[in-house]
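We're numbering straight along the sequence, starting at 1. Keep in mind that this is a model prediction, so the values were computed, not measured.
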Amino acid sequence: MLNNCFKILSRTAETPQKLMSLLGVSKNNYATEATFETKPFKLHKLEDGPSTTVTISREEAIKFYKQMQTIRRIETAAGNLYKEKIIRGFCHLYSGQEACAVGMKSAMRDHDSIISAYRVHGWTYLMGVSVLGVLAELTGRKSGCARGKGGSMHMYSPNFYGGNGIVGAQVPLGAGVAFASKYKGQDGVCFALYGDGAANQGQAFEAYNIAKLWDIPCIFVCENNGYGMGTSAERASASTAYYTRGDYVPGIWVDGMDVLAVKSASQFAVDYCKSGKGPLLMETATYRYSGHSMSDPGTSYRTRDEIQEVRQTRDPITSFKDKILNSGLVTAEELKKFDGEIKAQVDAAVKSAKSDPEIGMDELPADIYVENLEGKIRGVLPWQLLDHKRIGPAVNA
């Protein structure tokens, strides 16, 4: 039957290129687009939800794969740099959760915003900071996105309000960012991300309340990776259906290990919030491979077998790779080439982040004010005055 269809199309198509276009195949024998089915979404106070049928182009497939693979490489590099004691202080890795960030970013418009907790090296990269800008910030060097002054918990870029170190504090801040957009008469939305551990913070419920009361276009995203600092969600929460915990705020549960499911849910959420209907709560069911932070081996409250099983059966990169290979959107040779390019890029950034100098003491009073009307600011002691200057973050370093 397929042969008969091919014969009919070949008669009606004017050129071989036209025929391949009708079949969804490029002149290089690539599929130009493909359609996939996601797991069903769970809905709370919604009559309709996101589509479980997602169509992506070849260009989107390559983009998503490269983004997830780059984030994974960045986090692996960060982990190694920490073990070498080149990165100091706190460091929280995102390995295993890449589909959440990439899926959400795919639905964001230029004037949409995002604020999160401290597991945001990947988000920093997605929001416009180079690989070197991320790794140099982690190592405290001047090429970092905050010139090395912020480290893991204080990375920023336009419309990215950083990874906040106070558990749950970013949730009301995200509502405030979304309110600012509404106040200005814009249709921008804000993704406010937090984990299952932070979901029990009282300020989260206060933010739900004011957002619903004033119809603030905020998408509250609970990235449920199964564990808080060292406690499973089941031991910490009386209800683990986080997408329903906004009560009067509608919610969606999505498979956070499937970048296409997150993309579909995020697009639905953006459309919902920008239409003036108020906030939405989204729970992404995901998993972190590393411990809560680098000081946590992550194996005292879960088994190595559990981690390995997730890696083998639900890994967001491997599963997406299989989908786009089987659909003909890419070839194995292409993916191998992409992997090599990404590895080389991250390796070069690691080398630079190690050798890059730190900022000098003369920058101690820099970047405190956008416009300092006094000209001088207080130093370590009240009678010591320092000349203020504005350096500004090296966002695209």
Side-chain angles (χ1 to χ4, degrees), residues 67 70-71 74-75 77-78 87-94 97-98 100-102 104-105 108-181 184 186 188-195 198 207 218-221 223 293 349 352-353 356 358-359 363-372 388-397:
Q67 287 178 330
T70 302
I71 294 173
I74 288 173
E75 296 296 51
I87 293 176
R88 309 303 289 264
F90 294 98
C91 185
H92 305 78
L93 306 183
Y94 203 64
Q97 301 182 215
E98 296 87 354
C100 297
V102 172
M104 280 182 258
K105 181 63 174 69
M108 290 176 65
R109 300 159 297 166
D110 290 342
H111 58 294
D112 291 330
S113 304
I114 177 259
I115 187 169
S116 186
Y118 32 70
R119 207 178 300 280
V120 289
H121 309 152
W123 264 111
T124 308
Y125 165 72
L126 291 178
M127 293 302 290
V129 176
S130 68
V131 176
L132 175 59
V134 174
L135 293 176
E137 187 60 36
L138 288 172
T139 57
R141 312 302 170 94
K142 72 174 186 178
S143 294
C145 59
R147 295 185 64 75
K149 295 190 279 185
S152 182
M153 289 193 182
H154 300 281
M155 296 181 169
Y156 307 95
S157 69
N159 288 342
F160 173 47
Y161 291 86
N164 292 259
I166 306 301
V167 176
Q170 70 277 13
V171 183
L173 290 176
V177 171
F179 175 72
S181 178
K184 292 176 183 177
Q186 302 167 349
V189 305
C190 180
F191 286 81
L193 280 57
Y194 55 99
C218 187
I219 303 169
F220 298 105
V221 184
E223 292 185 293
S293 67
S352 296
D356 198 42
E358 297 179 1
I359 58 173
E363 283 198 38
L364 182 64
D367 300 317
I368 295 175
Y369 303 100
V370 171
E371 183 180 3
N372 178 20
H388 170 266
K389 59 181 177 178
R390 188 180 180 209
I391 304 297
V395 171
N396 294 312

Report task. Identify whether the distance between the nearest side-chain nitrogen and carboxylate oxygen of Asp367 and Lys149 falls below 4.0 Å. Result -> yes

Report summary line: Sequence neighbours excluded, the answer for side-chain contact (heavy atoms from CB on, under 4.5 Å) partners of Met108 is Lys105, Asp112, Ile114, Trp123, Met127, Phe191

Query raised in the report: With sequence neighbours excluded, what pairs up with Tyr125 under the side chain to side chain donor-acceptor pair (under 3.5 Å) test?
Result: none

Query raised in the report: Val102: what forms a side-chain contact (heavy atoms from CB on, under 4.5 Å) with it, not counting sequence neighbours?
Result: Phe64, Gln67, Met68, Ile71, Leu126, Val259

Query raised in the report: Mind checking what makes ring pair (Phe, Tyr, Trp, His ring centres under 6.0 Å) contact with Phe179, not counting sequence neighbours?
Result: Tyr183, Trp214

Report summary line: Hits for side chain to side chain donor-acceptor pair (under 3.5 Å) against Gln170, two or more places apart or cross-chain, chain-then-number order -> none

**Report entry** Any residue meeting side chain to side chain donor-acceptor pair (under 3.5 Å) with Arg119, in chain and number order, not counting sequence neighbours
**Finding:** His292

Report summary line: Across all chains, not counting sequence neighbours, the side-chain contact (heavy atoms from CB on, under 4.5 Å) partners of Ile166 are Ala169

Query raised in the report: For Glu358, which residues count as a side-chain contact (heavy atoms from CB on, under 4.5 Å) partner, sequence neighbours excluded?
Result: Arg141

Query - Heavy-atom side-chain contact between Ile219 and Met104 under 4.5 Å - result: no

Report task. List for me each residue that meets salt bridge (charged side-chain N to carboxylate O under 4.0 Å, His left out) alongside Glu98, sequence neighbours excluded, and say none if there are none. Result -> Arg72

Query raised in the report: Quick check: does any side chain N or O of Thr139 sit under 3.5 Å from a backbone N or O of Ala353, one acting as donor and the other as acceptor?
Result: yes

Query raised in the report: Excluding sequence neighbours, so at least two apart, what forms side chain to side chain donor-acceptor pair (under 3.5 Å) with Thr70?
Result: none

